[in-house]
Q: 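Got a structure for you, questions after.
Residue numbers begin at 1 in each chain, while the letters A, B, ... track the order of the sequences.
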Amino acid sequence: MTERTIRTERPWSWKRFFFQWEWLLVIIFILIHVVNSTLSPYYLNINTFIRTPQSFLDKAFIVLPMTFVILLGNIDVSVGSTVALSSVIMAVAYNAGLPMPLAIVLCLAVSTACGLFNGILMVKYKELSAAIITISTMTIYRGFAYVILEDQASGGFPEWFSFLGWGNIAGFPVMLIVFTVCAFLFWILLHKTTFGRSLYGMGNSMNACRYSGIRTDRVILIVSLLTGLMAGFTALFLTSRMGSTRPNVAQGYELEVIAMVVLGGVSTSGGKGRIIGPILAVFIVGFLSYGLGLVNISAQVLLIIIGALLIVSVTVLNVRIRKRKKKIPA
Amino acid sequence: MQNKQMQSKLKSLFSSTENFRELGLFFFIVLISLIIQMRNQTFLTLSNINTLLINGSILSILAVGMMMVLLTRGIDLSIGSTIAFSGMVSALTVSAYPSIHPLVSLLEGTLIGLGIGLIIGILVSRFNVLPIIASLGMMNVVRGMTFVVSGGRWVSAYQMSDGFKKIATGTFLGVNNLIVIAVVIYIAFYYFINHTRTGRQIYAVGSNPDAAEISGIPKKRIICLVYVLMGALAGLAGVLWVARYASAQGDTAVGYELNVIAATVLGGISLSGGSGKVSGLALGAILFAILNNALPLINVSPFWQQAIQGLVILTAVVVNVIVKRRNEYTALVRRNI
């Protein structure tokens, strides 16, 4: 019955405080604003900071659980398709006569079920990598979205539904407020609960955690469920902003989301990273693409930039980690 | 006495599950062909089989590269973009210099693909970037570059020289060039993967990377090589694709990597590395080509195609796992006796 616990935090030091990945992100964030404000004289005002996030925050909801997924050393490329499927089902159900509040619940239920299905496959067939499971479910979910809606668009939502994507509460966009709340909840979950600690443990050694009594299967299932649920949030906000939906919405979201998480300093080999990094990365990528939009750079070039950003940040992170210890890649 | 009998019985059962896949695939192909033939009489005609094989040849060329990548426990999602980029660049070259020899175009495309593969290979082997992340990133970079070099425009049939289009429409001894190229690649690949040192080393690296490295196999070089070969084949396929459809677009072959992965896993290539046969791969590619060809023939809506593809991948990988588990179980039982 000893009260002694092992110290998980190392003693605080100036050097370590300033040599953190997150400070690099803060510097990049400031740099982007400096560059953007030289590009356009109308850039620097408070409205930019409050309004612009509306245009990119929809995918940020998936960034939060994706951080968990990558901390576990897994990956999930099916999120874009999950968004599409749940959004399409919501639209079709509403147009078939389901009241909108129920349609919203249905949307969240479908996306959660999609996430859970991934999780069940991962737990049941441990031999399979998360990559191949989510590649196949990515194809299946997107495929079902096409089966349901073929090449049409569906919409005509009630007036109040657009409030989610466009509305304000006390001068702040609804999306920003909801995201702040979600980010706070995920921060508590990751950094203040046993569940969060077990994610780090499992990212470092799944077997060690299983043998020490952590219910690893349950943790994986919960993370998949959260990923699905947040993909549902994305579907809601995205559909609300666009006013209608098609089977090919949210194409390529998985890349952007994974790129943001990795840019946020979460190691793809698992077990390293904090939630604050990916949140900063969301705003970095968002304001970066907003700034590129100001100078009329096409979406295709943005594709190149985000792809390159992903590759470069993973490479830099890996070199950093390799410097600390010699690792054997899987 | 009884023990020995049991042992041999179990042994035959064990080896039969090993060979079960190729035989099973073969019978499944025969069965599915018969069913489709009953639904639509035009399926088993010489001209349709010819079309099926021509369309399947690009897929099977890519499947060869993907097999090597999967053997080393990797994955490559960038090949759809590589096809588009190499096809686009070679089509632009041909439209600018119509007198260029088709072989030069093929070489150009292959080299472009090789370069893209080399980047992924270096990222994966030297910097320990996960294959899925490296190739996902490259997929978008290369796709963006395709749009940038073409300026968003298409290269259409009239801009291509006849010699270039002949790559895909010409015949060699009465057989379409694409089929000939695919067969040649399969023969070369069969020799390479089964009878050369490097080929066997690919299997070794896939089945146990650490053991392979300790026993002196240049693991990093092998992993890099696999992606380079995949890239080169995708680059070659890009030129063939553009010549075949006589059009190069920014969105050529979007998502084609999934077709290739589906064909490969159907062929029994394990995603956990180190196991899979060329014969299985060929059958898997043919089966997938049949599915692609036959679905429109039996009036399945084209919108079902993606969902079916996904279900095929998922079923194939899950069945692979179940078969493997049973094999291991049988092996354990055999050891106990």
Q: Please classify the contact between B:Val129 and chain A as side chain, backbone, both or neither, with a heavy-atom cut-off of under 4.5 Å.
A: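 Contact with chain A: backbone and side chain both.
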
Q: So for B:Leu136, is it side chain, backbone, both, or neither that comes closer than 4.5 Å to the heavy atoms of chain A?
A: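 Contact with chain A is through both the backbone and side chain of B:Leu136.
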
Q: Are B:Ser78 and B:Ser135 linked by a side-chain donor-acceptor pair shorter than 3.5 Å?
A: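 On atom types as modelled, these side chains do not qualify, holding no pair under 3.5 Å.
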
Q: With a 4.5 angstrom heavy-atom cut-off, could you sort out which part of B:Ile119 is near chain A: side chain, backbone, both or neither?
A: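 Nothing of B:Ile119, per the 4.5 Å heavy-atom cut-off to chain A.
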
Q: What part of A:Thr268 lies closer than 4.5 angstrom to a heavy atom of chain B: side chain, backbone, both or neither?
A: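 It is both, since atoms from each part get that close.
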
Q: Side chains of A:Asn118 and A:Ser78: any donor to acceptor distance under 3.5 Å?
A: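 Yes, A:Asn118 and A:Ser78 have a side-chain donor paired with an acceptor closer than 3.5 Å.
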
Q: Can a salt bridge be assigned to the pair B:Glu213 and B:Lys220 using a cut-off of 4.0 Å between side-chain N and carboxylate O?
A: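 No, no charged N to carboxylate O under 4.0 Å.
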
Q: Just by distance, with hydrogens left out, do A:Tyr253 and A:Asp58 show a side-chain donor and acceptor under 3.5 Å apart?
A: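 There is such a pair between these side chains.
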
Q: Please name the pair of heavy atoms, one in A:Met230 and one in A:Leu64, separated by the smallest distance, quoted to 0.1 Å.
A: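 Shortest heavy-atom contact: CE-CD1, 4.4 Å.
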
Q: Checking B:Ile261 against chain A: side chain, backbone, both or neither under 4.5 Å from a heavy atom?
A: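 Side chain of B:Ile261 only, per the 4.5 Å heavy-atom cut-off to chain A.
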
Q: Of the listed residues (A:Ile135, A:Leu128, A:Leu302), which shares the most heavy-atom pairs with chain B below a 4.5 Å separation?
A: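 Max contact count across the listed options: A:Leu128.
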
Q: So, A:Asp76 versus A:Thr227: side-chain donor-acceptor pair below 3.5 Å or not?
A: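 A:Thr227 and A:Asp76 do not have a side-chain donor-acceptor pair below 3.5 Å.
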
Q: What part of B:Met138 gets within 4.5 angstrom of chain A, counting heavy atoms only: side chain, backbone, both, or neither?
A: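 It is both, since atoms from each part get that close.
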
Q: Need one label for B:Ile132: side chain, backbone, both or neither, based on atoms under 4.5 Å from any heavy atom in chain A.
A: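 Looking at B:Ile132, just its side chain touches chain A.
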
Q: Quick check on B:Leu258 against chain A: is it the side chain, the backbone, both or neither that has a heavy atom closer than 4.5 Å?
A: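 Contact with chain A: side chain only.
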
